[in-house]
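All values reported here derive from a predicted model rather than from experimental measurement. Counting starts at 1 for both ligands and their atoms, following the listed order.
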Amino acid sequence: MKRREFISGAAASAAALAVAAPVKGQSPAASNTSVRRGTSGKSVIICKHTGTQGMGRGYEMLMNGADTLDAAIHICQVQEDDPNDQSVGYGGLPNEDGEVELDSCCMHGPTRRAGSVGGVRNIKNVARLARTVMERTGHVMLVAEGAHKFAIAHGFPHENLLTERSRKTWLLWKESMSDRDWWGPGLADPNWKAPAELSGSAAQAMNVHVARLAETAAEMGIEPEWRREAIAQVLHPPTGTIHVSALNARGEISGATTTSGLSWKIAGRLGDSPILGAGCWTDQDVGSAGATGSGEENIKVVGAHTIVELMRQGKSPQEAGLEALRRIARNYNNDMNKLRFLDMIYYILRVDGEYAGVSLWSGTAARPARFAVHDGKQRIEKCVALFQGTSVEWPPIPKLPA
Ligand code: GLY
């Protein structure tokens, strides 16, 4: 689509919205049902490659006329309910105190509304909770205890979100007495220096440390098939997260992001996922974008909003995403000694159905950075990367023993 057509279509969409906005309290699903001008009539869903369990059903929902936010939240919720997905919801890896703290935000394009929750404990389905904030309050964001009380008032069950596996992995981390936690200045500190690669006796000490972790994991009863992953999670805290953007044939678009955030984080830490504009941003006139990866870096470039605004100015989804990644690189003066410790993937969907997945690093041939898409056919596609190669897990350690 040419830029002028895209923008004039967008203007027409805005005009259509003026008469289509539902009344307060009305379900998002009850929004405008006409096909928006400037859109392609395609239904497309884009999400993180690990978030595909509910994607087929989500697409079916769109085919049956469901609201785009309902479909996106369904996909988030399937992952939140899965005890084996340690990046979101039930079974998510906890903070340093062993408490699972969940974050989520969502945006509903047709009604131009948004909701967000952060630092929520004991409530599993935070994507739905973010939508409830959007639908049932005059606010946009609730956090911590207030969000929990609000969830209980709306009938969300209070649950222990730690699975045995997550609890034991956290204990394994605790027992490793890590001196490499999140206290103290981080990567963005101007005086930060890359640690020297381990060699000689330091490397040997690390190998002993890793071997001890393996023994402790066995003593704790972490199942043999999960042990290697648990040790890797202790040594290199993952960020997880699922983002979903969904477009229906009527040209309506929405987005949602859900996460348990960075593992072993300081209690109360919020990453990018509950931050509207960073973890997710949807504008019915233009498109939707979301992120997974180093949350702190994404907040500093307001990645999802930046991408949508760049698309409004005529950039393609891929160009807009790469530009947001360049801003992350710029924040570090393109210092590859620092950027190699970061990771970021943006998931981008324009209202005409054009989409892109872009990543800071390409990954390897065997494990490329990737994303999932469904436009009638569900598949995994490779991201377009700003840098070739793989990021280095933080902190750098010798290879794990087999
Ligand atoms: N991107 C998820 C987080 O940093 O919490």
- Query: Does the pair R167/E164 count as a salt bridge with the N-to-O cut at 4.0 Å?
  - Reply: yes
- Message: What I want to find out is whether R227 reaches E229 closely enough, with some N-O distance under 4.0 Å, to be called a salt bridge.
- Response: no
- Parallel, tilted or perpendicular: which describes the rings of F371 and Y347, with under 30° parallel and over 60° perpendicular? perpendicular
- Message: Counting only heavy atoms from other residues, nucleotides and ligands, does the tally under 6.0 Å from CD of Q53 exceed 12?
- Response: yes
- Task: Give, for atom NZ of K124 and atom OG1 of T258, the distance between the pair rounded to the nearest 0.5 Å.
- Result: 12.0 Å
Pairs under 3.5 Å, nitrogen or oxygen of ligand 1 with protein nitrogen or oxygen:
unit_1	atom_1	unit_2	atom_2	d
ligand 1	1 (N)	D272	OD1	2.7
ligand 1	1 (N)	G293	O	2.8
ligand 1	4 (O)	R269	NH2	2.9
ligand 1	4 (O)	G293	O	3.4
ligand 1	4 (O)	G295	N	3.1
ligand 1	5 (O)	R269	NH1	2.7

- Parallel, tilted or perpendicular, as decided by the 30° and 60° cut-offs, for the rings of W264 and W173: parallel
